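Shown next, in structure tokens, is the structure this report addresses.
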2 protein chains.
Amino acid sequence: MNAEFENVCHTMKFEAVTIKDIAKALGLSTSTVSRALRDSYEISPETKKLVLECAEKLNYRPNPVALSLKERKTRSIGVVVCEIANSFFSQIINGIESVAYDRGYNVIISQSHESYDREVVDLQFLSSRGVDGVLVSVSTETSDYEHISNLHSKGLPIVLFDRIAPGINTHTIIIDNFKGSYEATEHLIHNGYKKIAALCPSEFLSISSERLAGYKEALGANDLKVNNDYIKHCFYGGMVFSEIEEAINQLMTLKDPPEAIVTLSDKLTLGALKTFKRRGLKIPDDIALVGFSNADIAEITDPALTFVRQPAFEMGKAATELLLQLIESKRPVTEFEKRILSPEFIVMESGNSRS
Amino acid sequence: MNAEFENVCHTMKFEAVTIKDIAKALGLSTSTVSRALRDSYEISPETKKLVLECAEKLNYRPNPVALSLKERKTRSIGVVVCEIANSFFSQIINGIESVAYDRGYNVIISQSHESYDREVVDLQFLSSRGVDGVLVSVSTETSDYEHISNLHSKGLPIVLFDRIAPGINTHTIIIDNFKGSYEATEHLIHNGYKKIAALCPSEFLSISSERLAGYKEALGANDLKVNNDYIKHCFYGGMVFSEIEEAINQLMTLKDPPEAIVTLSDKLTLGALKTFKRRGLKIPDDIALVGFSNADIAEITDPALTFVRQPAFEMGKAATELLLQLIESKRPVTEFEKRILSPEFIVMESGNSRS
DNA sequence: TTCTTTTGTGCAAACGTTTGCAGGTATCAG
DNA sequence: CTGATACCTGCAAACGTTTGCACAAAAGAA
């Protein structure tokens with residue numbers, strides 16, 4: 001009595017109903033059915049009604065793969081980030097997904113894990129899987145951008161965000177890194193600190209040099225000298241905790257150690273907090289701290305963290321909008337936008353004056 | 001002089017080279033080329049060599065969409081979670097991506113944002129986009145599971161993880177929620193606390209009842225009575241901060257307020273920490289706290305947080321392995337596995353005895 | 001009646017692959 | 001010289017759609 005159920009249960013494949021099934025059921029041709037479904041003017045109202053009803057009854061869903069093949073687009077976009085499990089990037093992906101969802105696009109994620117080789121493979125994989133465009137934030141190790149510019153010159157729409165690659169003529173979207181670190185540094189200066197160190201991500205990264213420039217400029221604008229001993233780079237930017245511990249150790253054992261520190265990325269901020277705690281250093285009395293952070297931690301540290309928050313969700317949204325605009329544009333786009341989002345500076349207590 | 005470059009720049013589409021191009025270039029038929037590429041025994045070594053070289057030269061990449069159409073599978077899997085920007089879930093996605101990457105599958109992410117309606121749409125969208133299978137963790141609002149069982153009975157491979165749906169006969173993978181909260185509660189008891197409250201996610205969620213059972217059992221096993229005033233549910237489990245604040249307010253204004261609290265999810269733990277800080281409550285002297293957490297915060301709170309850590313990455317990996325096994329199985333699978341991962345209990349300071 | 005127009009429908013090609021079948025050409029044995 | 005046996009290659013169908021073109025029938029105009 002339950003032949004259909006049996007059938008369903010023994011076929012692994014989820015046998016979808018096609019336009020052919022409708023055509024057969026109605027004694028029409030597939031073309032008529034197709035036209036009826038797309039409400040073409042060539043089809044009589046009665047036929048349309050019939051087809052629509054039948055499609056409804058059979059629960060017809062157009063096969064997206066067949067459409068992709070025909071139209072040569074997949075309605076999916078690829079994303080390459082260093083790491084998903086990182087507040088900043090997961091918030092970005094949230095933004096990406098929100099726009100993509102509204103516009104009917106799939107989001108395909110891949111991670112470089114800060115490896116150049118992996119980034120190359122990821123990008124190759126995504127493009128070979130036929131995504132309509134990609135959103136890229138380069139890895140720490142990346143200093144050669146040919147894998148990106150190659151795809152770009154082949155016509156694959158690309159939007160670069162946050163960590164951008166120089167020399168690629170396309171839309172980019174970043175935050176005002178200079179401003180973020182300038183404000184952070186200035187805040188410390190205004191609270192009376194003069195010996196301020198900076199903990200930076202890899203020197204290769206665009207964000208790193210921009211943030212470092214903001215730090216230096218803030219010192220200069222307040223008649224403070226830049227001391228190179230106070231500038232430490234962590235190549236893997238915190239993926240490797242020991243890197244941070246080591247850098248802070250070096251700072252704190254200088255004959256003239258800093259009284260304050262600005263940490264120029266999410267992971268570095270977290271790592272610094274952890275290191276201070278392990279070494280029993282009190283904030284801000286032993287060392288003041290202001291850092292970039294998108295994790296939801298400001299209010300749970302003691303004292304509460306003064307930090308630079310990046311508009312990650314907005315960045316993801318904006319990047320996706322730019323990408324879809326590129327993808328859906330009828331004519332080649334030659335004018336590219338360089339959008340700059342403003343970071344938020346949130347004053348709590350960790351950068352306050354010493355008591 | 002630069003016709004090719006011009007051409008590339010004025011075509012939006014990224015014109016891929018096909019098997020036909022190779023066939024034309026070599027004066028062969030597409031079938032011969034196809035066979036040569038797949039190293040068929042029917043093709044002479046010389047022809048193969050020729051074809052391979054030509055493919056290499058032209059940088060041929062098989063079109064995955066055409067393959068999908070032919071083989072009726074897309075080599076992509078869908079994931080439905082409540083939220084990406086949540087440490088626990090982003091770690092899970094990391095695990096999913098790691099396995100999928102190794103096996104050549106794409107991962108397509110979607111978020112329910114804890115909404116039942118959105119979950120239904122997401123699942124519908126993924127299945128209509130032809131994913132080969134889906135990984136699902138249900139939303140807080142979900143109490144009717146028909147949208148999932150419908151797809152499942154149509155033959156779509158599904159694996160449920162963490163927040164599982166009852167009554168669906170497929171692989172499931174969860175952590176030992178009972179054990180996690182039992183240990184957390186017992187730790188507080190062993191440190192001398194008797195008045196212990198529990199802050200739980202929505203009652204609908206499988207994880208919620210399991211964790212609550214662990215809490216109750218630990219109390220019972222130590223001759224403590226369960227006090228229903230001490231049990232608070234946050235329906236949106238922390239998506240709405242005020243919910244947590246409100247619940248804690250209610251607890252702390254009881255005539256006999258608790259001395260300790262166990263928070264039974266990541267977000268609840270974070271929210272509780274924040275609330276205590278805002279109200280100036282000192283841990284553990286004013287109130288002790290032990291909670292579930294996968295965020296990297298244990299070592300930066302003051303005092304350091306004693307917590308239950310879920311093996312999220314492993315869960316993502318295991319779920320994906322089970323799903324791919326289902327997808328790639330030749331014959332229908334009828335025996336399903338219910339895998340249970342063990343949480344880690346990490347003792348720091350926030351649940352210690354009062355000084 | 002005959003010629004045009006309108007209306008409704010179907011054929012077949014195309015998107016890029018794979019593959020069963022048939023056909024071709026050597027090579028070899030008898 | 002003939003028949004069998006390799007070995008190599010191509011035709012065409014199929015996967016599910018869309019769409020240019022052709023065709024048929026009916027209606028309107030002359």
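As the structure is a computational prediction, the values presented were derived from the model and not from experiment. By convention in this document, chain letters (A, B, ...) are assigned in the order of the sequence lines, proteins followed by strands, and residues within each chain are numbered from 1.
For the residue pair A/Glu42 / A/Ser40, a side-chain donor-acceptor distance below 3.5 Å is found, with atom types taken as modelled.
The nearest whole Å value for the distance from the CG atom in B/Leu26 to the C1' atom in D/dT9 is 13 Å. Remark: C1' of C/dG16 and CG of A/Leu67 are 15 Å apart, rounded to the nearest angstrom. Following rounding to the nearest Å, B/Leu37 (CG) and C/dG16 (P) show an atom-to-atom distance of 15 Å. One can place CD1 of A/Ile19 at 14 Å from P of D/dC15, the figure rounded to the nearest angstrom. Atom pair A/Ile22:CD1 and C/dG10:P shows a separation of 14 Å (rounding to whole Å applied). The nearest whole Å value for the distance from the NZ atom in A/Lys73 to the C1' atom in D/dT18 is 14 Å. In this structure, CZ of A/Arg72 is placed 11 Å from P of C/dT17, rounded to the nearest angstrom. Going from atom CZ of B/Arg35 over to atom P of D/dC11 covers 11 Å, rounded to whole Å.
Between B/Thr47 and D/dC8 there is no side-chain N or O to OP1 or OP2 distance below 4.0 Å. Look at B/Lys20 and you'll find a side-chain N or O under 4.0 angstrom from OP1 or OP2 of C/dC15. Remark: A/Ser34 is not in phosphate contact with D/dT17, judged by side-chain N or O atoms under 4.0 Å from OP1 or OP2. The phosphate of C/dT19 has neither OP1 nor OP2 within less than 4.0 Å of any side-chain N or O from B/Tyr41.
A residue-by-residue look at B/Ser31 and B/Ala66 shows that B/Ser31 has its nearest nucleotide of DNA chain D further toward the 5' end. Both A/Glu42 and B/Lys70 lie close to DNA chain C; mapped to their nearest nucleotides by heavy-atom distance, the more 5′-ward contact belongs to A/Glu42. The residue among B/Arg61 and A/Ile43 whose nearest nucleotide of DNA chain C is located toward the 5' end is A/Ile43.
Put simply, the side chain of A/Ser127 reaches to within 4.5 Å of the side chain of A/Gln124, judged on heavy atoms. Side-chain atoms of B/Val99 and B/Leu323, non-hydrogen and from C-beta on, never get closer than 4.5 Å to each other.
In this structure, B/Gly130 reaches neither bases nor backbone, as no heavy-atom distance under 4.0 Å exists between it and the strands shown.
The pair B/Glu53-B/Lys49 meets the salt-bridge criterion, with a side-chain N (NZ, NE, NH1 or NH2) lying under 4.0 Å from an Asp/Glu carboxylate O. Ion pairing between a basic and an acidic side chain is recognised when a charged N comes within 4.0 Å of a carboxylate O; B/Glu119 and B/Arg163 show no such pairing.
Nearest to the side-chain atoms of B/Leu69 among the listed nucleotides D/dC15, D/dT17, D/dC11 stands D/dC15. Closest to the side chain of B/Thr32, out of C/dT18, D/dG10, D/dC8, is D/dG10. The side chain of A/Thr18 approaches D/dG16 more closely than any other nucleotide in the set C/dC15, D/dG16, D/dT18.
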